[in-house]
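Since the model is a prediction, treat every value here as computed from it, not as a measurement. We count residues from 1, following the sequence as given. Note that ligands are numbered from 1 as they come in the structure, with each ligand's atoms numbered from 1 the same way.
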Amino acid sequence: MTDPSTASTLVPGSPSGEDFDPTAALAAVATALDAADPLARFTSRFAASPGVVAYLDGNSLGRPVADLAARMTRFIEHDWGTRLIRGWDEGWMRRPFDLGDRLGRVALGAAPGQTFIGDSTTVLIYKLVRAALAGRPGRTELVVGDDDFPTDRYIVEGIAAEAGATVRWVPTDPAGGVTPELVAEVLSERTAVVLLSHVAYRSGFAADVPEITRLAHAAGALVVWDLCHSAGVLPIGLDEWGVDLAVGCTYKYLNGGPGAPAFGYVRAALQDELRQPIQGWMGHADVFAMGPGYEPAPDVRRFVSGTPAILAMEAMDATLDLVEEAGVAAIHAKSRALTDFAERALGVHVLPHGARLVSPPAGARRGSHLTVAHPSFREVTARLWERGVIPDFRAPDGIRIGLSPLSTTFAEVEAGVRAIGEELRAAATGATSPGSTA
Ligand SMILES: *Cc1c(COP(=O)(O)O)cnc(C)c1O
């Protein structure tokens, strides 16, 4: 992987020279980085998006892979259309676990029998946190970050209210994230469950999962990690890190499509002792016995509730082909190069207009998106979307720039960040930007 500082030496002219043009120099760096990118071939394996100049939101909704339409047609005509109900016996019953095992192997560092594709992330967080709380009888506190994604906070508040537990908030810097020190301060012999995000949805801060997991265990608690913003882009070692439970989205870096079902992970050693609260027929020890009384399956299947969303698993399976071919290590290396380059581009085009970077510095604590803040960003984002430059806006004043290494090019980042700068300048002067159609 070429890093931006090396690539800049490929650019003629010196930054101190008279006719140095930082905009042209940056564009040349982007070209050099794309030319040297060992994963460049993957960008053409995604469906074209006519009219899109820069897609900087793959961390919120990944793009579809190029052969997905053919794959869906094959599924509809053959698997569903021809096999009909026989499909359940011929593979669909196993599909949430087969695909879970594959995801575990390719992206999560999880041995087989621990990962499954299930409900939405929200519902899975509820099921696994509730199961973990029940698994620590006598303990009454739930730990969650006070700046974590809303659904995570709301679910924990709801569980606390329903179970008579208390929420202990980890006070989190919105530009940073949860550190072992901050978590250690709220842990005690009362802590039942710790729910935290591996990568903060706002700042992109990557938490020290092994160390925080170790601290939670030392306090006697179980830990549930939310991997929504890290699965498929950061190296993850659930087994090696001793993680108890985990949940994650599949429509972000795993390109599963809008509303694709989430995955859950339950460490093998815990499966027997934990029971989840939505006891449906699909988690029963003998699904087709249709008998009285619920008895949970002896394995990871007990965490499933109802009929799995088979059709909605095709896109993530197609993406796993690409993730497996590229390898998470190479994907992460490109993620770092993209975020470093994006930071540099922000320095040229955006920060001079008074915007602030509210993400961690380059290094181990950085995920695959950057957030930059400015009071005008709500209106700026609307203008950007009109011109095909698509980051996302996060209240109150943040633009998130998501870098999805398999599909994002350096040129796209350069064009997108330059457009943010143009719209900021236009917003400040009340002028019409060069890219505006109005
Ligand atoms: C995206 C995201 C979710 C989304 O949950 P859904 O149930 O899919 O809506 C939850 N938690 C985090 C941290 C996220 O980033």
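With T371 as reference, V358 is the one residue of L357, D397, V358 to meet the side chain to side chain contact (heavy atoms under 4.5 Å, CB included) rule.
Residue, atom and distance of the protein heavy atom nearest to atom 10 (C) of ligand 1 are F149 CD2, 3.4 Å. T122 OG1, 2.5 Å is the protein heavy atom nearest to atom 7 (O) of ligand 1. For atom 4 (C) of ligand 1, the closest non-hydrogen atom of the protein is Y251 OH, 3.2 Å.
Looking at M93 and V287, their side chains come closer than 4.5 Å, going by heavy atoms from C-beta outward.
Here is the list of ligand 1 atoms found below 4.0 Å of a heavy atom in S197: 13 (C). Shown in contact with K252 at under 4.0 Å from a heavy atom are these atoms of ligand 1, numbered in order with element: 1 (C), 2 (C), 3 (C), 14 (C), 15 (O). Of all atoms in ligand 1, listed by their number and element, those nearer than 4.0 Å to a heavy atom of D152 are 10 (C), 11 (N), 12 (C), 13 (C). Each of the atoms 15 (O) of ligand 1 lies under 4.0 Å from some heavy atom of H229. Annotation for ligand 1: atoms under 4.0 Å from non-hydrogen atoms of S120 are 7 (O).
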Audit row: E141, V186, side-chain contact (heavy atoms from CB on, under 4.5 Å) steps and yes/no: CA-CA 10 Å; E141 292 186 358; V186 297; over 6 Å; no
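By heavy-atom distance, the residue among L195, T121, D226 lying nearest atom 5 (O) of ligand 1 is T121.
For T151, no nitrogen or oxygen atom sits less than 3.5 Å from a nitrogen or oxygen atom of ligand 1, counting backbone and side chain alike.
Salt-bridge formation is not detected for the pair R153/D146: no Lys NZ or Arg NE/NH1/NH2 atom is positioned less than 4.0 Å from an Asp or Glu carboxylate oxygen. Taking a cutoff of 4.0 Å between a charged side-chain nitrogen and a carboxylate oxygen, R71 and D321 qualify as a salt bridge.
Note: F116 and F303 have parallel aromatic rings, judged against thresholds of 30 and 60 degrees for the angle between ring planes. Ring pair F377/H374 is tilted by interplanar angle, where 30° to 60° counts as tilted.
Neither the backbone nor the side chain of V123 has a heavy atom within less than 4.0 Å of ligand 1.
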